[in-house]
Amino acid sequence: MKLLDATKINDLAAALARAGYRVVAPIEDSGVVRLTEWTEGATIRTDVIGVNSAKDFLFPRSEVIGRWDLDGDDFSPRDVQPDAQKTVILAVRPCDAAALALLDTIFNWDYKDDFYNARRQAATIVPMACTAADEQCFCTSVGGAPDATANADAMLRSADGGATFILEPLTDKGNALLDAAGDAAREGEAAADPPAEVPQRFDVEAVTEWLSENFESDLWTTLSLGCLGCGACAYACPTCHCFDMQDEATRTESVRLKNWDSCGFGLFTLHAGGHNPRPDQTARWRNRVMHKFAYIPERFELLGCTGCGRCARLCGAGMSMSEVCRRIADESKKALAHES
Amino acid sequence: MDLDRLRQDAAAVLSDGRAKMVIGFRDRDGDRVPAFITDAEQAAELVFDETCLVNLAAYLKKIELKRFRPVALVARPHVCRSLVLLAAEAQIAAEDVIILAVGDQEYHGVMDLAGAAALLNEQYAEMPHEADLAKRLEEISGLTPEERSRFWTEQFAKCTRCYACRAACPMCYCTRCIVEKNVPQWISTAAARHGNYAWNVIRAFHLAGRCTECGACEAACPQGIPLMLLNASLARDVEDEFGVKAGYDAEAEPVIGSWSADDNEDFIR
Amino acid sequence: MTQTEANTTDSAETFEPRIVAFVCNWCTYAGADLAGTSRIEYPANVRIIKLPCTGRIDPLFILKAFEGGADAVLVSGCHPGDCHYTSGNYHARRRWTLFRNLLDLTGIDSRRLLFSWVSAAEGQKFADLIDDITGKVREAGPFGPTNPARRQPWT
């Protein structure tokens, strides 16, 4: 099998960059670990989950999807090519890779999104199996695992107590990656370190059960009280995919932008006439949870959440999808106990 | 800090009906997160320490919480200032809030808004910046304009326009924020240089004279942008130029909404 | 919505600053008009935008000018006490004090953002002011490269 010293991960990144990949990895800067473009000398952190997810590189925060040249009353479209730069997303968490199942589905459902697909096809996904987890992780409660290989082109696994990494190709893209790695990886044998323990936080079936019958429940207000309606969770979430279109023009040029949106914003369902069918955070949180654990599963047989826990870590107001699900599952069990 | 007394007081204001809800902090897996308590027994779970940076006054913006007024808030000095300022801006009435005032070292007890204002003026009239912030402000003022431009361009490049800073701020209560107005769209909604600069600078400016320097915005920012550098600098200017610190006087006129014939104009040609 | 694009050439010899001036109708605009009718020449680098009063000038206008590529922005109105709407300029003055410091902190300094009181009778003052500012901005160079508010080419 192919191995590399954990301390030599920058050499791997350098080799891949020389081979023409844009290398994206979790980089530490001023105490914050962020998945971003690697440059020589950057500090790659493979042992923690960063503030953002792999989604950023397949479905970026803002993207130009249309351009026109303007000349008085005349306008002419310009060709806009989706960004198809060969990219390796190195040392992401398996929960990020798991999320690709939903993004692949959503962006090819009723409309094939060329922009997403171009980036997706040009990307080689290399998750790093987790040997540590924190209180906010809950991949195992939503059908995932700290060493899951779903959507991985190659898999990094820690061995020898973290001193060595195993790099295992899983697809053709993974094999191409290994070829490109060249001397940065060596032949050898090692036993992978055990994956992190991620105890089950809640019974997701109990959640789905309760959701199917409790749209009007008062629990929604109780659950959502902490939320102040920003987009931090939706933006950090590897499965959230809503976007807003915005046109920006000057006298000579117009662009059409696709920007991330969040169902937590008050503006999300505000109608032009002033009515808002989701007028408060209670309704907006209910929508969020229902989407992830009811509507998406119903339509696509996939959960809309992979248990990465970023929402809880980043939420300035203490909201946590895991805690919300736990409380719903408890409520569901209480209701069942009542009935019987 | 006498947390037991805090908890007893919280239970008491609920039991005797002075408040319909207590908003404070609880522990969740080692983190301090906001707690919304409607039963006196739940008051036992209230905690408080220096990591409790969420400005609980921000919750007064929520429509769902209006029916729980009067609401009791566990308020540190900066949060007390926010409450006094919200009253000065006619966003809350004095009878809407009860304050469980926590200081830097001690719990001060239950009080109404007037009591909180008195406490602020007596014991918290000076709230110097913490050493690290003061040092960073000093450093920035020593840079050339080009260096400052580069610094902020790098910082704002991290901004994803999640508006967590706005959500966390009790003074950002506009039902339609400037960035949400699109006829015309003054501030670009793309996470690009011009939009990010405009958003962060305009938000800071809309808080000029209104920021109580609670630090909740910077604590809420998922990207670690040093927002307090902007807000603290502006608050210092307001104090130097107009002699005002936000949140000490429930009758105060808004700083930018008022003027004096003696206002500085030495920069005007 | 359309905006003005600035195409400042950046060669040292041929750099012509683009200066946007937000002025009030009753004083500075009239003053600029007087300069014109008096045949006092001043550089054509300035683009004048007329508002009813400096009190109407939202800091966002200033940012928009920098976003579109202005090398400098001038904001000018009636002297204190002379405001056509009594106190618009007093409100503006207070706003400007704070806003200019905030912009200075973030890299838009006083070479790029200027303020003045120019009355309807001060045609010469207006012309001299524009002349002086244009010269100083020409020396300071194009703002584009270090303008933190500048719209960048879309990629």
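Numbers restart at 1 for each chain; the letters A, B, ... are given by sequence-line order, proteins then strands.
- Within the 4.5 angstrom heavy-atom criterion, no atom of B:Leu56 approaches chain A.
- The backbone N or O of B:Gln223 sits less than 3.5 Å from a side-chain atom of A:Arg34, completing a donor-acceptor pair.
- Using a 4.5 Å cut-off between heavy atoms, B:Arg32 does not touch chain A at all.
- For residues 308-317 of chain A, heavy-atom neighbours of chain B at less than 4.5 Å comprise A:Ala312, A:Leu314, A:Gly316, A:Ala317, sorted by residue number.
- Only the side chain of A:Gln246 comes within contact range of chain B, judged by heavy atoms closer than 4.5 Å.
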From CA spacing to verdict: side chain to side chain contact (heavy atoms under 4.5 Å, CB included), A:Cys230, B:Arg166: CA-CA 8 Å; A:Cys230 74; B:Arg166 175 184 75 184; over 6 Å; no

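- Atoms CD1 and OG, from B:Ile225 and A:Ser30 in turn, are 11.5 Å apart once rounded to the nearest 0.5 Å.
- Side-chain atoms of B:Lys62 come within 3.5 Å of backbone atoms of A:Leu225 as a donor-acceptor pair (strictly under, hydrogens ignored).
- The side chain to side chain donor-acceptor pair (under 3.5 Å) pairs that include a residue from residues 263-276 of chain A are A:Thr269-A:Asn276, where partners are two or more places apart or lie in different chains.
- Here B:Arg28 contributes atom CZ and A:Glu323 contributes atom CD; the two are 5.0 Å apart, rounded to the nearest 0.5 Å.
- At a 4.5 Å heavy-atom cutoff, the contact between B:Ala191 and chain A is made by backbone and side-chain atoms alike.
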Worked check of side chain to side chain donor-acceptor pair (under 3.5 Å) between B:Glu64 and A:Thr282: CA-CA 8 Å; B:Glu64 302 94 303; A:Thr282 299; 3.2 Å; yes

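- For A:Asp280, the parts sitting under 4.5 Å from any heavy atom of chain B are the backbone and the side chain alike.
- Contacts between B:Glu180 and chain A at a heavy-atom distance below 4.5 Å involve backbone atoms as well as side-chain atoms.
- In this structure a side-chain-to-backbone donor-acceptor pair under 3.5 Å is present from A:Tyr235 to B:Arg161.
- With a 4.5 Å cut-off on side-chain heavy atoms, B:His194 and A:Glu248 count as touching.
- Across A:Leu267, A:Asn52, A:Leu257, the residue that shares the most heavy-atom pairs under 4.5 angstrom with chain B is A:Leu267.
- Using a 4.5 Å cut-off between heavy atoms, A:Gln136 touches chain B through its side chain atoms alone.
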